[in-house]
Amino acid sequence: MTDDVGVITGDLTVATAALPGGKARVDVQYTGAEEWYTLTGSPVPVPGDGLAALHARVLARIREGGAAEVPR
């Protein structure tokens with residue numbers, strides 16, 4: 001689920017990036033496209049186990065489907 005265009009499906013690229021203040025932004029795009037979309041729920045605080053762990057949880061949610069949002 002994105003804030004910009006709603007649900008997107010298919011071959012996606014996911015980017016999780018650190019922001020100032022201990023937060024992270026998660027964006028998705030159709031692989032090979034130029035446009036990026038903000039995953040609903042982003043930005044979120046970076047969890048204690050780090051940015052890579054957050055990214056892994058985001059990927060797991062997206063793979064589950066069902067209008068996935070950034071885990072809190």
Side-chain angles (χ1 to χ4, degrees):
M1 176 65 73
T2 69
D3 292 343
D4 311 292
V5 295
V7 175
I8 61 173
T9 61
D11 189 16
L12 303 174
T13 300
V14 180
T16 305
L19 297 173
K23 294 197 176 225
R25 178 183 174 104
V26 181
D27 296 302
V28 297
Q29 73 175 172
Y30 290 106
T31 300
E34 292 184 24
E35 300 83 13
W36 285 91
Y37 306 109
T38 302
L39 194 64
T40 299
S42 177
V44 294
V46 174
D49 52 355
L51 193 63
L54 173 63
H55 185 76
R57 285 194 286 279
V58 167
L59 291 179
R61 285 262 177 106
I62 290 172
R63 288 180 179 134
E64 289 173 7
E69 297 182 6
V70 177
R72 300 252 169 215

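Of the possible polar contacts, none joining the D27 side chain to the A15 backbone as a donor-acceptor pair under 3.5 Å is found.
Cluster annotation: L59 and V28 are assigned to the same hydrophobic cluster (Ile/Leu/Val/Met/Phe/Trp/Tyr, side-chain heavy-atom contacts under 4.5 Å, transitive). Criterion: ILVMFWY side-chain heavy atoms under 4.5 Å apart, direct or through other members. Under it, M1 and V44 are not part of a common hydrophobic cluster. Tracing side-chain contacts under 4.5 Å through hydrophobic residues (I, L, V, M, F, W, Y), one reaches I8 starting from V26; they form part of the same cluster. A single hydrophobic cluster is seen to contain both L39 and V14, as judged by linkage of ILVMFWY side chains at heavy-atom distances under 4.5 Å, directly or through other members.
Considering every non-hydrogen atom in both P71 and R61, the closest pair reads CA-NH1, 3.3 Å. Scanning all heavy atoms of the two residues, the minimum distance from E35 to Q29 falls at O-CB, 3.0 Å. Shown here for A67 and V7, the closest heavy-atom pair between the two residues is CB-CG2, 3.9 Å. For the residue pair L19 and A24, the shortest heavy atom distance occurs at CD1-C, 4.1 Å.
Two residues are said to be in side-chain contact when any heavy atoms from C-beta on lie closer than 4.5 Å; Y30 and L12 meet this criterion. Under the 4.5 Å side-chain criterion, counting only non-hydrogen atoms from C-beta, W36 is in contact with T13.
The salt bridge (charged side-chain N to carboxylate O under 4.0 Å, His left out) check on D49 picks up R57, with sequence neighbours excluded.
For the pairing with E69, the side-chain contact (heavy atoms from CB on, under 4.5 Å) check across T40, V58, I62, D3 returns one residue only, T40.
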